[in-house]
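Notes to accompany the following structure.
Quick note: numbers below take in every heavy atom, side chains included, and nothing from hydrogens, waters or symmetry partners. Sequential numbering from 1 along the given sequence is applied to the chain's residues.
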Amino acid sequence: MTDLTSEVLTRSGNPCEILEMTESELTSAVERGDPIIDELRRDARPLIGERPRALLGGGAR
């Protein structure tokens, strides 16, 4: 993953953080209202797969 974060920084000048969660970890975070979920709804950009808002249940609360 460090290669990816380094490449993003080199190409865009913006830092990149990789967040890897299982489906059950993500579901639990949504259910308990974890603050990271609102941040992901606002800022996350998928590399592959579903869009974050589809997985996280819509817009910020």
Side-chain angles (χ1 to χ4, degrees):
M1 294 278 188
T2 27
D3 290 343
L4 175 60
T5 58
S6 296
E7 192 67 24
V8 169
L9 182 59
T10 298
R11 291 176 181 250
S12 70
N14 295 312
C16 173
E17 294 180 41
I18 306 298
L19 177 63
E20 186 175 352
M21 300 173 88
T22 65
E23 188 174 336
S24 63
E25 289 171 328
L26 182 61
T27 299
S28 294
V30 169
E31 288 172 352
R32 66 175 181 266
D34 195 313
I36 191 76
I37 299 304
D38 286 336
E39 293 175 25
L40 289 170
R41 285 180 177 131
R42 185 184 66 232
D43 300 328
R45 300 293 179 262
L47 297 179
I48 59 171
E50 302 242 6
R51 293 177 176 230
R53 288 186 184 148
L55 296 170
L56 302 172
R61 290 181 249 174

side-chain contact (heavy atoms from CB on, under 4.5 Å) involving Thr22 - partner list, sequence neighbours excluded: Ser24, Glu25
Minimal non-hydrogen separation, Val8 against Cys16, with atom names: CG1-CB, 3.6 Å
Co-membership, hydrophobic cluster, residues Met21 and Leu56, 4.5 Å side-chain: yes
Rounded distance (nearest 0.5 Å) linking atom CG of Leu4 with atom CD1 of Ile18: 4.5 Å
Hydrophobic cluster identity match, Val30 and Leu19, side-chain contacts under 4.5 Å: yes
Residue pair Ile37 / Leu26, side-chain heavy-atom distance below 4.5 Å: yes
Which residues share a side-chain contact (heavy atoms from CB on, under 4.5 Å) with Thr27, sequence neighbours left out: Glu23, Glu31
Residue list, side-chain contact (heavy atoms from CB on, under 4.5 Å) with Glu39, at least two apart or on another chain: Ile36, Arg42
